[in-house]
Protein chains: 2
Amino acid sequence: MAPSPHGRPRRTAFLLSQLGSLSASRFAERTRELGLTPSDAGTLRWIGRNPGLSQRVLADRLGAVPSRVVPLLDSLETRGLVERVRSSTDRRNYELHLTGAGQALLGRLRDVAQEHEGELLAPLTPEESDELARLLARLAEGHGVDVEAHRDTGR
Amino acid sequence: MAPSPHGRPRRTAFLLSQLGSLSASRFAERTRELGLTPSDAGTLRWIGRNPGLSQRVLADRLGAVPSRVVPLLDSLETRGLVERVRSSTDRRNYELHLTGAGQALLGRLRDVAQEHEGELLAPLTPEESDELARLLARLAEGHGVDVEAHRDTGR
DNA sequence: TATTGTTATACTCTATAACTATA
DNA sequence: TATAGTTATAGAGTATAACAATA
């Protein structure tokens with residue numbers, strides 16, 4: 001890319017990294033208030049949208065390795081948020097479901113996500129927020145980032 | 001924040017996290033080709049801009065703890081990129097400097113950063129890139145993010 | 001023989017606290 | 001007594017590979 005009009009190099013990519021990190025850490029603070037890590041939150045989201053999915057598929061969706069989701073689900077199951085049900089058709093794998101408590105928490109999680117969104121975009125006007133959303137969506141599309149994928153970036 | 005005009009919740013904050021993570025990991029790939037971690041790169045940048053600074057100050061600038069910068073500098077010093085010079089006025093602390101090789105590598109690092117910027121913004125027109133830079137700068141300012149600070153987010 | 005989920009292990013990254021040497 | 005830097009240790013997070021159960 002060419003330098004900016006004044007000859008000073010642009011740092012937009014770097015700024016994007018910094019703000020992305022800020023957004024992720026602020027969101028992690030909010031999920032922590034719900035007793036969840038960002039990985040917990042992503043897992044609840046995926047199971048909520050795709051009830052009955054297997055651990056193998058969940059691992060793929062999260063961009064994680066199967067052994068990684070074991071302690072993740074152990075923790076959520078212990079807290080009564082998720083259930084592992086043996087598949088009757090293939091007894092090797094589980095069908096994952098949210099419990100009632102899990103669904104309720106997922107609802108609160110969505111509220112929290114919207115609050116987070118509002119706080120993050122507060123410095124912008126509604127028009128600017130719209131424009132930013134458009135530009136980021138275009139950038140994501142150009143780089144093949146799946147907007148729906150919930151690959152948690154961790155902290 | 002209010003939902004988007006069509007009632008579907010916006011995911012701009014999440015998109016920002018994802019793209020920030022993408023930007024950081026792509027940059028890490030490029031620095032790795034130079035034999036540097038992102039932390040190495042940030043350290044070279046800070047010393048290059050502030051020759052003679054102490055490890056304590058460097059740690060503050062990097063947002064790290066003093067014990068963290070020890071192995072970082074050990075590695076850079078072993079590779080002949082950085083020098084630790086005992087301060088003559090206060091023999092407790094070091095004055096950090098880049099060697100000639102360190103300065104040369106910092107130059108290549110700047111080239112790499114600009115290439116990275118170009119690749120990342122490639123899906124946008126120049127006008128859109130300008131607009132994105134403006135919006136992100138406004139967002140950073142609103143949240144008190146120091147644009148010059150080089151707090152590396154890690155991977 | 002292949003696949004799902006599990007366990008055991010190890011590796012990376014980082015922070016905390018104790019230590020030394022100077023001041 | 002306070003500060004710069006160092007070392008030792010421990011913790012979080014994650015991946016790799018071997019394993020048991022089922023297909």
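Throughout, protein chains are lettered first and strands after them, A, B, ... in sequence-line order, and every chain is numbered starting at 1. All of these numbers come straight from a predicted model, not from anything done at the bench.
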Return yes if some donor-acceptor pair links the side-chain N/O of [X] with the main-chain N/O of [Y] below 3.5 Å, else return no.
| X | Y | value |
| --- | --- | --- |
| T43(A) | S39(A) | yes |
| S54(B) | Y94(B) | no |
| E95(B) | V85(B) | no |
| R86(B) | R92(B) | yes |

Without decimals, in angstroms, what is the distance between [X] [atom1] and [N] [atom2]?
| X | N | atom1 | atom2 | answer |
| --- | --- | --- | --- | --- |
| R56(B) | dT22(C) | CZ | C1' | 15 Å |
| L53(B) | dG5(D) | CG | C1' | 14 Å |
| D60(A) | dA15(D) | CG | C1' | 15 Å |
| L58(B) | dA4(D) | CG | P | 13 Å |
| L62(A) | dG5(C) | CG | C1' | 15 Å |

Within residues 67-86 of chain A: residues closer than 4.0 Å to DNA chain C (heavy atoms):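 Output list: S67(A), V70(A), R84(A).
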R134(B) CZ: over 12 foreign heavy atoms closer than 6.0 Å: yes
Which parts of nucleotides 18-23 of chain D does protein reach within less than 4.0 Å, heavy atoms only, written one letter per nucleotide 5' to 3' as B for base, S for sugar-phosphate only and - for none? ----BS
Spacing of CZ belonging to R84(B) relative to CG belonging to N93(B), to within rounding of 0.5 Å: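 The CZ atom of R84(B) sits 12.5 Å away from the CG atom of N93(B).
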Measure the CG-CG distance between L16(B) and L136(B) for me, rounded to the nearest 0.5 Å. 7.0 Å
List the steps and the verdict of side-chain hydrogen bond (donor to acceptor under 3.5 Å, both in side chains) for T89(A) and S87(A). CA-CA 5 Å; T89(A) 59; S87(A) 167; 3.0 Å; yes
